[in-house]
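Some notes on the structure that comes next.
Bear in mind the structure is a predicted one, so any value in this text is a computation, not a measurement.
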Amino acid sequence: MSAAVTFETLFSAIKPVEIAGTLPSGIMRGQLRQDSRLAGDADVFVAVRGVNADGHKFIPTLNGRGVAAVVCEELPAPDMRDDNICYVRVADSAEALGLLASRFYGDPSHKLKLVGVTGTNGKTTTATLIYEMARLEGCRAGLLSTVANYIEGEMIPATHTTPDPLELNSLLARMVEAGCSVAAMEVSSHAAHQKRIAGLKFAGGVFTNLTRDHLDYHGTFEAYRDAKKLFFDNLPESAFALTNIDDRNGMIMLQNTRARRCTYSIRSIADFTGQIVEQDLHGTLLKLNGNEVHTRFTGRYNACNLTAVYGACLLMGMDSEATLVNMSRLVPVAGRFQTFRSPEGVTAVVDYAHTPDAVVNIVSAVREVVGNSNRIITVVGAGGNRDKGKRPIMASEAARLSDQVVLTSDNPRFEEPDEIIRDMEAGLTPEDAKRTISITDRRQAIRTAVALAHPGDVIIIAGKGHEDYQEIKGVKHHFDDREEVEAALGIN
């Protein structure tokens, strides 16, 4: 906690529906908790109805442990209460947790320019590059992303795309204490739906694109879209809302926002436009609002991401000329179109593409550069215990756009990898199947792809990108596609 907070200040962040007992007063000595197992002396516990557990079930276990207050949506029966605990009923405890967490840590998002990035693909790249641009501009900055969290130059491992409200506000408070004036963060659909970002003040929001993903959680594409839109609906008037009008859902994001509406595009007229002048596997000459800049990124989707970054930087008040110069200094995010080249002239691209649209983007980007004169060999799998419906689509798209496909294991989690591969194979036509090999062992799949490649060919290893593990039966085993590619190609 960055500074002492009083109970009066803490509870002023929410609007109680009912209070049973006497609200504690004075300086808060304890912590704010959402895990009942950690709650104890002078703490305030917030009972949240989560995906896997309902915190309300554990309220009786707090009796006699010195907890100062419990915030909940449903009060325990009178005979189940501890007379020394104040029970505060609210309409939505998930939202209350976000509001309380922000207040507990001194409302850190109010003390810096916080920019949120949401969408199916491109969140990590866009958020990371906004963070890097702020640092190149001379600002101290922070980042909250899938790959890692950063406070200025200090790396903190990431456990979720968007952390829970307590961790999120703790990290933001540390950024403020470190002198950061800018922070960029990925905002997942889960986070928006679960109100993990409640209480945060955003200076801006960026929408990248929307394609099928996380339907195992949201149920329908419309529900998934609306979760993303919720982020923009809640932006303040003082913020900007920057959307990709090349995506058919782009303008939907702006329908109900109070923020300043802005657009970007690489296809049509917009507030911020990007145009590919020329490109190869190692970079792109890009024209941004008519100004040329050479970047180290390849592919239309990266041109789109860079246009979003350019727009966000200008909307944050950065100098336009300095922004163009700094964009030429940016380097790709780890595991995002990361290239490796063998002494024999075989190129491998490691990318986090794990949705049908992302697979289309990465293979299409490579095809645009190499044309039809060289082959593309794509190694791809699908994660277990996630949206099964995208598996056959991913295999179909990979086969449609590649010359050879190797289906393999990704993070099978608690599913059998062979069954996941069979789900993918179901999307193949008889003609696709002739150009597809299924190899369950991911290491062997990568080595096979390399063995099949000739000088000039490009191997795409999709799905895991920056991850350095494979999750099998609840255990994470060390596995890094980048290390495997280097070994297979004989690099180093």
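Residue Gly142 comes nearest to Cys180 through the heavy atom pair N-SG, 4.0 Å, listed as atom of the first residue, atom of the second, then distance. Annotation for Ser102 and Gly199: closest pair OG-O, 3.2 Å, computed over non-hydrogen atoms.
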For Asp271 and Arg261, run salt bridge (charged side-chain N to carboxylate O under 4.0 Å, His left out): C-alpha distance rounded to whole Å, both residues' side-chain angles, the deciding distance at 0.1 Å, then the answer. CA-CA 10 Å; Asp271 295 310; Arg261 296 175 171 87; over 6 Å; no
Walk me through it: do Glu74 and Arg49 pass the test salt bridge (charged side-chain N to carboxylate O under 4.0 Å, His left out)? CA-CA 11 Å; Glu74 183 180 348; Arg49 300 186 194 279; 3.5 Å; yes
Before giving the answer on salt bridge (charged side-chain N to carboxylate O under 4.0 Å, His left out), spell out for Glu237 and Arg260 the whole-Å C-alpha distance, their side-chain angles and the decisive distance to 0.1 Å. CA-CA 7 Å; Glu237 288 184 23; Arg260 175 186 172 189; over 6 Å; no
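Remark: Glu154 engages Arg174 in a salt bridge, criterion side-chain N to carboxylate O under 4.0 Å. Taking the charged nitrogens against the carboxylate oxygens, Arg442 and Asp481 do have a contact shorter than 4.0 Å, which makes a salt bridge. Salt bridge Asp41/Arg29: present, at least one basic N to carboxylate O contact under 4.0 Å. Comment: Glu415 engages Arg391 in a salt bridge, judged by a side-chain N to carboxylate O separation of less than 4.0 angstrom. The pair Lys473-Glu416 meets the salt-bridge criterion, with a side-chain N (NZ, NE, NH1 or NH2) lying under 4.0 Å from an Asp/Glu carboxylate O. Note on Arg33 versus Asp43: salt bridge recorded, some NZ/NE/NH1/NH2 to OD/OE distance being below 4.0 Å.
Residues Lys229 and Asn256 bring a donor and an acceptor atom of their side chains to less than 3.5 Å of each other. Between the side chains of Thr9 and Thr6, at least one donor N or O sits under 3.5 Å from an acceptor N or O. The closest side-chain donor-acceptor pair between Thr208 and Asn244, if any, does not fall under 3.5 angstrom. Asn411 and Glu467 share a donor-acceptor pair across their side chains, judged by distance under 3.5 Å alone.
When the options Met318, Glu321, Glu137 are evaluated for a side-chain contact (heavy atoms from CB on, under 4.5 Å) with Asn326, the one that passes is Glu137. Residue Arg413 is tested with Asn385, Ile472, Ile420 for a side-chain contact (heavy atoms from CB on, under 4.5 Å); the sole match is Asn385.
Proximity of a side-chain donor or acceptor of Ser328 to a complementary backbone N or O of Val325 within less than 3.5 Å is detected. With hydrogens and angles disregarded, no donor-acceptor distance shorter than 3.5 Å links the side chain of Arg300 to the backbone of Asn361.
Residues passing the side chain to side chain contact (heavy atoms under 4.5 Å, CB included) test with Ala20 are Leu75, Arg81, Tyr87, sequence neighbours excluded.
The aromatic ring centres of Tyr469 and His477 sit 6.0 Å or more apart. Ring to ring, Phe58 and His56 are not that close: their centroids are 6.0 angstrom or more apart. Aromatic ring centres of Phe231 and Phe207: separated by at least 6.0 Å.
Within a 6.0 Å radius of CZ in Arg267, no more than 12 heavy atoms belonging to other residues, nucleotides or ligands are found.
Listed by first then second residue, pairs satisfying ring pair (Phe, Tyr, Trp, His ring centres under 6.0 Å) with a partner in residues 118-155 read Tyr131-Tyr150, not counting sequence neighbours.
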